[in-house]
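Take a look at the structure below.
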Amino acid sequence: MTTTGATNGSTSTATSTTAGPRQGAPFLRLHPDDDVAVALRALDPGQDLDGLELTVRDTVPRGHKLAVRDLPAGATVRKYGQVIGVTDRPVRRGEHLHAHNLSIGTLGRDAVGDDVVARLPELPAGLRLTFDGYRRPDGGAATRNYIGVLSSVNCSATVARLVADQVTRSGVLADHPNVDGVVALTHPTGCGMTPDGDGMEMLRRTLSGYAAHPNFAAVIVVGLGCEVNTVAELTDRFARDGVGAAETLTIQAAGGTRAAVREGVERIRDLLPTVNAFRRVPLPVSELVLGLQCGGSDGFSGITANPALGVASDLLVAAGGTSVLGETPEIYGAEHLLARRAVTPEVAERLYARIRWWEEYTAANNASMDNNPSPGNKAGGLTTILEKSLGAAAKGGQAPLAGVFEYAERVGIPGFVFMDTPGYDPVSVTGMVAGGANVLCFTTGRGSVFGCKPVPCLKLSTNTDLYEQMTDDMDLDCGGIVNGSVTVEEVGRRIYDAVLDTASGQQTASELLGFGDNEFAPWQLGAVM
């Protein structure tokens with residue numbers, strides 16, 4: 001793939017691109033085979049577009065598509081050089097192309113399909129290969145130094161929060177400056193569910209992943225005492241997963257709420273000196289596990305932030321690290337492009353198996369895999385799931401697909417991997433963190449606000465207007481790609497450097513705002529009884 005000027009198709013899918021827009025051009029055409037151009041600013045009826053040799057026929061909002069040639073009804077439409085849908089009626093040159101005249105029709109989900117070659121870049125001269133992190137006694141590499149309070153069940157959630165809040169408000173953390181904080185991670189389940197069902201397995205796997213996470217120097221598990229997900233069974237699961245010893249207490253055994261809170265606070269006070277003793281030391285980049293997430297996507301996501309994040313992901317993988325792509329419903333229609341990059345047929349089949357599971361799962365719940373994009377995505381210019389998936393898959397760059405993991409499963413190999421997660425951002429990220437992600441990048445075009453304790457999360461804006469409108473929430477602006485002021489590769493290198501700075505302790509926008517206490521959201525499966 002080549003990139004020139006400011007443009008780039010999906011780094012996972014497109015095989016070539018056109019030159020970037022001329023200075024001040026109001027549109028961007030991503031590939032010479034494309035039937036559409038993307039409006040870089042709102043276009044008005046009657047406006048002549050030099051370079052496309054056409055006149056705009058109706059209002060085209062910023063980030064939306066307009067047809068660059070006449071298209072009959074039933075014509076396949078290409079963007080990124082790939083099929084994104086079919087026309088529902090005849091469309092004329094210069095006409096707005098969106099949900100009113102474009103759909104996936106009867107296209108199979110493998111409608112997109114130019115050949116894809118997996119490859120990694122050569123590491124640039126001067127690329128940083130270390131970050132300053134915490135080395136844990138078990139060998140783990142941490143980017144933050146937290147104490148965690150995990151609830152086994154919703155019935156213990158308030159006590160868990162009271163413990164964390166009382167320690168924080170007491171001022172004792174000021175005497176322990178190397179401790180990033182005490183965070184309570186609570187959830188709405190843990191009882192009223194089958195003890196050996198899929199829902200319980202998912203919850204215990206997620207809690208075990210958090211208990212083992214290197215960003216927690218210590219963990220206390222708080223239970224009620226009579227729940228299905230008992231503290232004893234949960235800690236048994238920890239032991240089977242190789243999780244180190246965790247402090248435990250139950251409200252009933254402690255003598256009630258006040259007594260349990262006092263005991264939890266005292267336990268944490270006793271732990272603080274040990275946790276505070278950890279110091280940052282140089283660690284190899286190969287120990288970073290980067291979670292790749294997008295939310296509130298728009299028409300620029302697959303053009304700017306997502307492919308730039310793909311470049312950063314490739315650099316990290318080439319340096320020996322790990323990157324994790326998720327959101328299975330949002331790679332639907334592009335999964336075969338990822339499968340072609342699989343290192344073995346078995347890895348490809350694991351990906352296809354997860355897609356089949358999702359088709360059955362959504363059908364059983366009277367839904368469909370193409371109930372996507374969201375209203376916000378459509379307002380931002382995305383029309384079909386094929387279009388959205390091509391842009392979303394761009395976050396995975398071009399690296400070989402080394403493995404496919406189930407939700408919250410421990411990622412134990414280096415390289416580019418896929419984790420089966422829902423598209424809902426908090427649930428997806430929770431799974432990645434449980435799997436071992438110790439730093440996150442989150443691209444957004446509409447303005448998602450998100451943070452995730454105990455893991456820092458960098459927010460990448462797809463367009464400059466968003467960055468300027470929500471400066472306090474964004475860490476890096478990728479919008480310069482569309483006007484030719486910077487290339488995808490240059491922004492990708494900036495993201496890579498920002499990941500290392502963040503892993504070394506630089507706070508993200510979401511950390512400064514205090515996000516992360518309410519975003520722990522394990523995936524809920526099964527009946528509630």
Side-chain angles (χ1 to χ4, degrees), residues 127-136 140-146 148 180-181 183 209-210 212-217 278 280-295 305-306 308-326 395-397 399 408 410-411 413-417 419 421 425-426 428-444 450-460 474-476 491-512 515-516 519-520:
L127 188 74
R128 296 161 57 191
L129 296 176
T130 64
F131 71 100
D132 292 334
Y134 299 100
R135 176 66 73 197
R136 297 305 188 198
T143 61
R144 293 294 185 268
N145 194 35
Y146 277 100
D180 286 308
V183 56
Y210 270 74
H213 201 284
N215 283 11
F216 281 135
F278 284 100
R280 289 187 181 272
V281 296
L283 298 176
V285 165
S286 59
E287 300 202 50
L288 286 179
V289 182
L290 175 64
L292 311 170
Q293 184 72 23
C294 59
N306 287 1
L309 180 53
V311 170
S313 171
D314 283 347
L315 289 172
L316 180 64
V317 170
T322 303
S323 66
V324 185
L325 180 68
K395 301 191 300 294
R410 192 78 53 84
V411 176
I413 60 173
F416 168 60
V417 304
M419 177 176 284
T421 74
D425 302 324
S428 177
V429 172
T430 295
M432 292 181 187
V433 173
N438 52 15
V439 66
L440 301 162
C441 280
F442 188 119
T443 68
T444 182
F450 183 84
C452 178
K453 291 178 182 177
V455 177
C457 180
L458 283 157
K459 302 291 278 303
L460 315 177
M474 299 296 128
D475 294 282
L476 194 147
V491 176
R493 178 66 179 269
R494 291 178 188 174
I495 295 172
Y496 176 90
D497 287 335
V499 166
L500 268 59
D501 289 341
T502 299
S504 299
Q506 180 173 296
Q507 286 198 302
T508 65
S510 64
E511 288 179 297
L512 292 171
F515 278 88
E519 285 74 15
F520 177 68

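All values reported here derive from a predicted model rather than from experimental measurement.
- Of the possible polar contacts, one joining the Thr444 side chain to the Gly295 backbone as a donor-acceptor pair under 3.5 Å is found.
- Checked options Thr443, Leu315, Leu460; the residue passing with Ile495 is Leu460 (criterion: side-chain contact (heavy atoms from CB on, under 4.5 Å)).
- Between Tyr146 and Pro454 the shortest heavy-atom distance is CD1-CB, 3.6 Å.
- Here the closest non-hydrogen pair linking Asp475 and Cys457 is OD2-O, 3.9 Å.
- With contacts defined as side-chain heavy-atom distances shorter than 4.5 Å, the pair Val499/Leu316 does not qualify.
- The residue from Val324, Leu290, Val317 that alone fulfils the side-chain contact (heavy atoms from CB on, under 4.5 Å) condition with Phe416 is Val317.
- No donor-acceptor contact under 3.5 angstrom links the side chains of Arg136 and Asn215, judged on distance only.
- Between Val491 and Ala308, the shortest heavy-atom distance links the atoms CG1-CB, 3.7 Å.
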| Yes or no on side chain to side chain contact (heavy atoms under 4.5 Å, CB included) for Arg493 and Leu127, after CA distance, side-chain angles and deciding distance? | CA-CA 9 Å; Arg493 178 66 179 269; Leu127 188 74; 3.4 Å; yes
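- Two residues are said to be in side-chain contact when any heavy atoms from C-beta on lie closer than 4.5 Å; Cys441 and Leu476 fail this criterion.
- Looking only at distances, no side-chain donor or acceptor of Ser428 sits under 3.5 Å from a matching main-chain atom of Thr421.
- Although no hydrogens or angles enter the test, the distance criterion places a donor-acceptor pair under 3.5 Å between the side chain of Asp314 and the main chain of Ala399.
- With rounding to the nearest 0.5 angstrom, the CG atom of Asp501 is 12.5 Å from the OG1 atom of Thr508.
- Residues satisfying the side chain to side chain contact (heavy atoms under 4.5 Å, CB included) test with Asp425, not counting sequence neighbours, are Gln293, Glu327, Phe442, Ser448.
- Once rounded to the nearest 0.5 Å, the distance linking CG of Leu458 with CD of Glu511 reads 8.5 Å.
- Formation of a donor-acceptor pair under 3.5 Å by the Tyr496 side chain with backbone atoms of Arg128 is found in this model.
- For Ser313 (side chain) and Leu309 (main-chain N/O), no donor-acceptor pair under 3.5 Å exists by modelled atom type.
- The main-chain N or O of Thr143 is found under 3.5 Å from a side-chain atom of Arg280 such that the two form a donor-acceptor pair.
- Residues Asn438 and His213 meet the side-chain proximity criterion, which asks for heavy atoms closer than 4.5 Å.
- Scanning both residues, Val183 and Phe216, for their nearest heavy atoms gives CG1-CE2, 3.4 Å.
- Checked by atom type and distance alone, the side chain of Ser504 pairs as donor or acceptor with a backbone atom of Asp132 at under 3.5 Å.
- Inter-residue side-chain proximity for Ser510 and Phe450 is flagged as unmet; no heavy-atom pair is nearer than 4.5 Å.
- Closest of all the heavy-atom pairs between Gly291 and Ala437 is N-CB, 4.1 Å.
- Every residue was checked against the side-chain hydrogen bond (donor to acceptor under 3.5 Å, both in side chains) condition with Asp180, not counting sequence neighbours, and none meets it.
- Glu519 approaches Thr430 most closely through the heavy-atom pair O-OG1, 3.5 Å.
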| query | Between Thr502 and Arg144, is a side chain to side chain contact (heavy atoms under 4.5 Å, CB included) present by the stated rule, with each step listed? | reply | CA-CA 10 Å; Thr502 299; Arg144 293 294 185 268; 3.8 Å; yes
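- The side-chain hydrogen bond (donor to acceptor under 3.5 Å, both in side chains) test applied to Glu287 returns Arg135, not counting sequence neighbours.
- Taking OG of Ser286 as the start and CG of Leu129 as the end, the distance is 9.0 Å to the nearest 0.5 Å.
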